[in-house]
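Sequential numbering from 1 along the given sequence is applied to the chain's residues.
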Amino acid sequence: MGAEGGPFLVLDELQVRFSDTVTIGPVSLTIERGEILALLGPSGSGKTTLLRMLAGFERPDRGHVRVEGEDVTPVPPARRRVGMVFQHYALFPHLDVGENVAFGLEGREGGKGKGEAVAESLALVDLAGFERRKVQELSGGQQQRVALARALAPAPRVLALDEPLSNLDPSLRERTRRELRQLIKRIGITAVFVTHEQEEAFDLGDRVAVLNAGRLNQIGTPEELYERPANLFVGTFVGRANVLRGAAARALGAADGQVLLVRPEQLRLGAGGAGLSGVVAERRYTGAAAFFQVTLETGERVEVQAAPEAARVGEQVSVAATRTMCFADQGG
């Protein structure tokens, strides 16, 4: 907990206006000590702007950033004690690893000597002894850890990460995000990171804040967002989803004026009986399960997750729902 039992980090009604039509916020969030919060949303949703306001690189037009009860809104980035890991790492190719990490200590007063702080931060990210290595000699994952070590060297109170895995090959991302979460938890630092990938947000974040068009739509655990989305946008942005209207929605339980959201694993295929009839148009095998594209009698198409042997392309099937979520139909 933060000062006097309050939250450790508070973003209070942060807002920035870029034009008469483009505004980010107001957004309010509270983050507890040691928590990892993911800011998730599409491009242009405001997540990076929010992160930059936290780190001090963007000044809000209104609102406050408080860390342990201290209002740091007017404090410049170098004195805010928020460690920033940039999307493209911003490492200096003409400096070796140790010099890159030491760069984060420029202007810092007191504390450990630079050499000791560099060695300790490299050890934290499992790069002990890499001080004299050239940045160009490192893999993408190692360069990311150097950027992380540089952010950690000044002993920040908060770690801010902007798309921390976007520069890695897809084959490395899953392993690296697990390692990154384990590292952040081992250090015990409070972290906020930006991503547009739902799987990354769910893997790394204790909680996830979903933003769209500059507004906070929902914040919660991955399970809460997936199982109980606050609105149709969250439901479709987080995970795979079928959206049905009209006769198809009513046949699966929606009332007039409602749009129905149902996930592929919440539909089942049958040879007939209850539900909507349709024809299997496509089948995509993924190993333990398969995804079937079924064209319904209403003309709509749904995706169903089922056992690989559940149906064949061209087969007549029935589609029934085991669970659905209904929202007011706003059109679209």
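- Ion pairing of Arg177 with Asp203 is present here, as a side-chain N (NZ or NE/NH1/NH2) and a carboxylate O approach within less than 4.0 Å.
- Pairs engaging residues 297-317 under the ring pair (Phe, Tyr, Trp, His ring centres under 6.0 Å) rule: none recorded [sequence neighbours left out].
- Ion pairing of Glu179 with Arg145 is absent here, as no side-chain N (NZ or NE/NH1/NH2) approaches a carboxylate O to less than 4.0 Å.
- Using a distance-only test at 3.5 Å, with no hydrogens or angles considered, a donor-acceptor pair links the side chain of Thr190 to the main chain of Gly34.
- A donor-acceptor pair under 3.5 Å is formed between the side chain of Arg181 and the backbone N or O of Leu204.
- A distance-only check finds no donor-acceptor pair linking the side chain of Arg133 to the backbone of Asp96 [under 3.5 Å].
- Ring-plane geometry between Phe92 and His94 is classed as perpendicular, the angle between the planes exceeding 60 degrees on a 0 to 90 degree scale with a lower cut at 30.
- Side-chain atoms of Val238 and Pro229, non-hydrogen and from C-beta on, never get closer than 4.5 Å to each other.
- Geometrically, Arg240 engages Phe291 in a cation-pi contact, judged by NZ or CZ lying under 6.0 Å from the ring centre and within 45° of the ring axis.
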Audit row: Asp162, Met84, side-chain contact (heavy atoms from CB on, under 4.5 Å) steps and yes/no: CA-CA 8 Å; Asp162 187 8; Met84 184 79 178; 4.2 Å; yes
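- For the residue pair Ser277 / Glu297, a side-chain donor-acceptor distance below 3.5 Å is found, with atom types taken as modelled.
- A salt bridge is defined here as a Lys NZ or Arg NE, NH1 or NH2 lying under 4.0 Å from an Asp or Glu carboxylate O, and Glu200 with Arg173 fails to meet this definition.
- Remark: the Arg17 side chain and the Thr23 side chain contain an N/O donor-acceptor pair separated by less than 3.5 Å.
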Could you give me the CA-CA distance, side-chain angles and deciding distance for Thr322 and Gln266, then say whether side-chain hydrogen bond (donor to acceptor under 3.5 Å, both in side chains) is met? CA-CA 5 Å; Thr322 60; Gln266 296 167 344; over 6 Å; no
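- Judged by the 6.0 Å distance and 45° axis criteria, Arg150 is not positioned over the aromatic ring of Phe86.
- Applying the side chain to side chain contact (heavy atoms under 4.5 Å, CB included) test between Leu29 and each of Val10, Leu9, Asp12, Leu39 identifies Leu39 as the sole match.
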Give every donor-acceptor pair under 3.5 Å between a side-chain atom in residues 307-315 and any protein atom, sequence neighbours left out.
residue, atom, partner, partner atom, Å
Glu315, OE1, Arg312, N, 2.9

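- Listed here is the closest heavy atom pair of Leu211 and Lys47: CD1-CB, 4.3 Å.
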For side-chain contact (heavy atoms from CB on, under 4.5 Å), just list the numbers for Val85 and Phe193, CA-CA rounded to whole Å, side-chain angles, deciding distance to a tenth of an Å, and then say yes or no. CA-CA 9 Å; Val85 178; Phe193 75 97; over 6 Å; no
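- With Gln293 as reference, Glu303 is the one residue of Arg301, Glu303, Glu282 to meet the side-chain hydrogen bond (donor to acceptor under 3.5 Å, both in side chains) rule.
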